[in-house]
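Residue numbers start at 1 and run along the sequence shown. Note that these values count all heavy atoms, side chains included, but never hydrogens, waters or copies made by symmetry.
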Amino acid sequence: MARAPFPWGFVRKPLYIQARFSYLRMRYLFFSWLTVFVGSWIVYVKYSSYTELCRGHDCKNSICDKYKKGVIDGSACSSLCEKDTLYLGKCFTSKPNSQVYSGSWGDLEGVIKCQMEEAPHYDLGNEIEPRKAAVAFDKPAKGTSVEMFREMILNHLKAKVGDQSNLADLAGQVLSVADANKDGHITLPEARSTWALLQLNEFLLALVLRDREHTPKLLGFCGDLYVVEKVPHSPLYGISLPWIMEVWIPAGLRRSMDQWFTPSWPHKAKISIGLLELVEDVFHGTFGSFLMCDVSATSFGYNDRHDLKVMDARHIVPEATFQEGIRQQHCNVDEDCLYGADCLTSCDLTKHRCTPEATRPNLAKACEALKDYVLRGAPSDVREELEKQLYACIALKGSAEQMEIEHSLILNNLKTLLWKKISHTKDS
């Protein structure tokens with residue numbers, strides 16, 4: 001048979017190469033399109049989440065509108081609404097009803113916090129201070145004298161922290177803050193701003209711990225927007241990772257990673273002592289007892305001197321308020337009796353109501369938060385005893401009142417152990 005004049009093998013090979021090239025190009029285009037689609041979706045979700053959470057400028061406009069109408073007044077109002085010297089910076093808001101921004105006020109760096117009505121279609125979870133509507137700023141009423149306002153404050157404080165013998169001193173502090181321009185007179189707009197602030201746990205705790213320096217200093221306020229000093233190092237520990245990485249990292253490795261970027265051990269020891277002192281101050285303190293219902297790293301920070309500072313005190317609540325609210329809670333299991341993140345009581349199944357006593361004291365929760373933090377890098381001569389004391393602390397159950405002696409003993413042992421190790425160093 002005669003051989004074909006044209007070599008068909010040479011035709012088939014280029015056709016095969018062309019088909020393969022087309023397949024690769026189609027796959028490349030598909031994955032490129034998929035990447036663009038997923039990327040756009042992520043940007044959209046992040047932007048939507050940001051705009052829903054970060055509503056600081058809406059809060060500012062609402063506050064300034066009331067200031068210009070003469071409804072409210074305060075030391076920060078003029079700078080915020082007229083001089084434009086108080087700026088809202090980066091948004092750190094995690095709940096839409098409590099706006100948190102970095103801010104600058106002249107030469108001062110601070111944190112601006114502003115309260116808002118509940119955002120629609122957003123699950124707030126188990127909030128300590130639920131906000132169903134914007135504050136009306138209608139109390140005290142027109143015609144209220146300073147003495148009547150003092151009585152209002154005393155009654156409110158009694159409902160919050162119980163009938164303490166020195167509530168008059170705390171009321172005096174509130175009135176001192178209310179006189180925003182320090183002219184010796186409290187105007188109705190100033191009183192209305194102060195009354196709105198007094199409804200917030202964070203503001204109340206700042207007054208209670210005013211002399212203890214655990215809370216950032218109050219720099220100014222306008223309505224229920226207020227400015228506190230900036231805490232340079234926060235959270236207490238932990239690193240922020242993109243959510244797509246968080247999914248794939250095992251929990252054990254994630255806990256280890258949180259401890260990678262922390263101060264030297266002597267500095268960590270000093271910060272830990274600060275948290276233990278905070279626990280001591282809020283337990284049977286000057287103005288009653290408080291419960292720490294979210295003892296997590298994000299709630300705390302520290303300054304350049306490694307003094308502990310409370311970053312978010314919304315979840316440190318007066319024990320009297322906690323007990324009054326929780327005993328009204330209907331329950332079927334103990335888990336129904338959770339207040340905040342860490343304050344759990346038991347369920348009385350005969351009445352289907354929560355009991356008022358928290359099952360874990362503040363100290364046990366603080367020790368659990370500190371365990372990995374202070375043990376990592378601990379000197380060998382104290383590590384074993386420190387670990388023993390921390391685990392004994394974590395095991396504490398029941399209210400602090402029921403085990404006051406053991407509570408005080410463990411607290412003092414931990415503080416003494418840490419101080420003894422760092423007291424001879426410059427870090428102390």
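Annotation: cation-pi pair K113/Y101 absent, no NZ/CZ under 6.0 Å from the ring centroid and within 45° of its normal.
Taking every heavy atom of both residues into account, P361 and L396 meet most closely at CD-O, 3.7 Å. Considering every non-hydrogen atom in both R305 and K270, the closest pair reads O-NZ, 2.9 Å. Contact between P140 and L188 at its shortest, heavy atoms only, is O-CD1, 3.4 Å. Q199 and W195 get closest at one heavy-atom pair: NE2-O, 2.7 Å. The two residues H185 and E190 come nearest to each other via the heavy atoms O-OE1, 3.4 Å. Closest approach of Y67 to C222, counting heavy atoms only: CB-SG, 4.4 Å.
R210 contributes atom CZ, which lies 13.0 Å from atom CG of L205 (distance to the nearest 0.5 angstrom). To the nearest 0.5 angstrom, F300 atom CZ is 12.5 Å from S234 atom OG. Note that CG of L414 is 8.5 Å distant from CG of L370, once rounded to the nearest 0.5 Å. Taking CG of L386 as the start and NZ of K371 as the end, the distance is 11.0 Å to the nearest 0.5 Å. To the nearest 0.5 Å, the span separating CG on L338 from CD1 on I326 amounts to 7.5 Å. Taken to the nearest 0.5 Å, the CG atom of D304 stands 7.5 Å off from the NE2 atom of H306.
Looking at heavy atoms from C-beta onward, W105 lies out of side-chain contact with I112 at the 4.5 angstrom threshold. Considering only heavy atoms from C-beta on, P379 comes within 4.5 Å of W265 through its side chain. Proximity of P263 to I271: side-chain heavy atoms (C-beta onward) are separated by under 4.5 Å at one or more points. With contacts defined as side-chain heavy-atom distances shorter than 4.5 Å, the pair K158/Q164 does not qualify.
The existence of a salt bridge linking D281 and R212 is confirmed by a sub-4.0 Å separation between a basic side-chain nitrogen and an acidic carboxylate oxygen. Ion pairing between D294 and K365 fails under the 4.0 Å rule for side-chain N and carboxylate O. Checked for salt-bridge contact, D372 and R376 miss the test: no charged N lies under 4.0 Å from a carboxylate O. A salt bridge does not link R192 with D73: every distance from a Lys NZ or Arg NE/NH1/NH2 to an Asp or Glu carboxylate oxygen is 4.0 Å or more. Taking 4.0 Å as the cut-off between side-chain N and carboxylate O, K309 and E213 do not count as a salt-bridged pair. With respect to the salt-bridge test (charged N to carboxylate O, under 4.0 angstrom), the residues E82 and K68 do not qualify.
Within 6.0 Å of NZ on K182 lie more than 12 heavy atoms contributed by other residues, nucleotides or ligands. Heavy atoms from other residues, nucleotides or ligands lying under 6.0 Å from NZ of K230 number 12 at most.
In this structure, H156 contributes its side chain and L198 its backbone to a donor-acceptor pair below 3.5 Å. With hydrogens and angles disregarded, no donor-acceptor distance shorter than 3.5 Å links the side chain of S299 to the backbone of V295. Distance alone, capped at 3.5 Å, places no donor-acceptor pair between the T93 side chain and the Q99 backbone.
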Can you list the steps and then say if Y226 with E202 is a side-chain hydrogen bond (donor to acceptor under 3.5 Å, both in side chains)?
-> CA-CA 11 Å; Y226 58 104; E202 191 160 38; 2.6 Å; yes
Could you give me the CA-CA distance, side-chain angles and deciding distance for E387 and L375, then say whether side chain to side chain contact (heavy atoms under 4.5 Å, CB included) is met?
-> CA-CA 7 Å; E387 189 171 15; L375 284 177; 4.0 Å; yes
Could you walk me through whether H352 and N332 pass the side-chain hydrogen bond (donor to acceptor under 3.5 Å, both in side chains) test, one step at a time?
-> CA-CA 6 Å; H352 288 282; N332 293 309; 3.3 Å; yes
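Between the side chains of S62 and K66, at least one donor N or O lies within less than 3.5 Å of an accepting N or O.
In this structure, F283 and H407 have tilted ring planes: the angle between them lies in the 30° to 60° band. Between H233 and Y302, the angle of the ring planes stays under 30°, which puts this pair in the parallel group of the 30/60° scheme.
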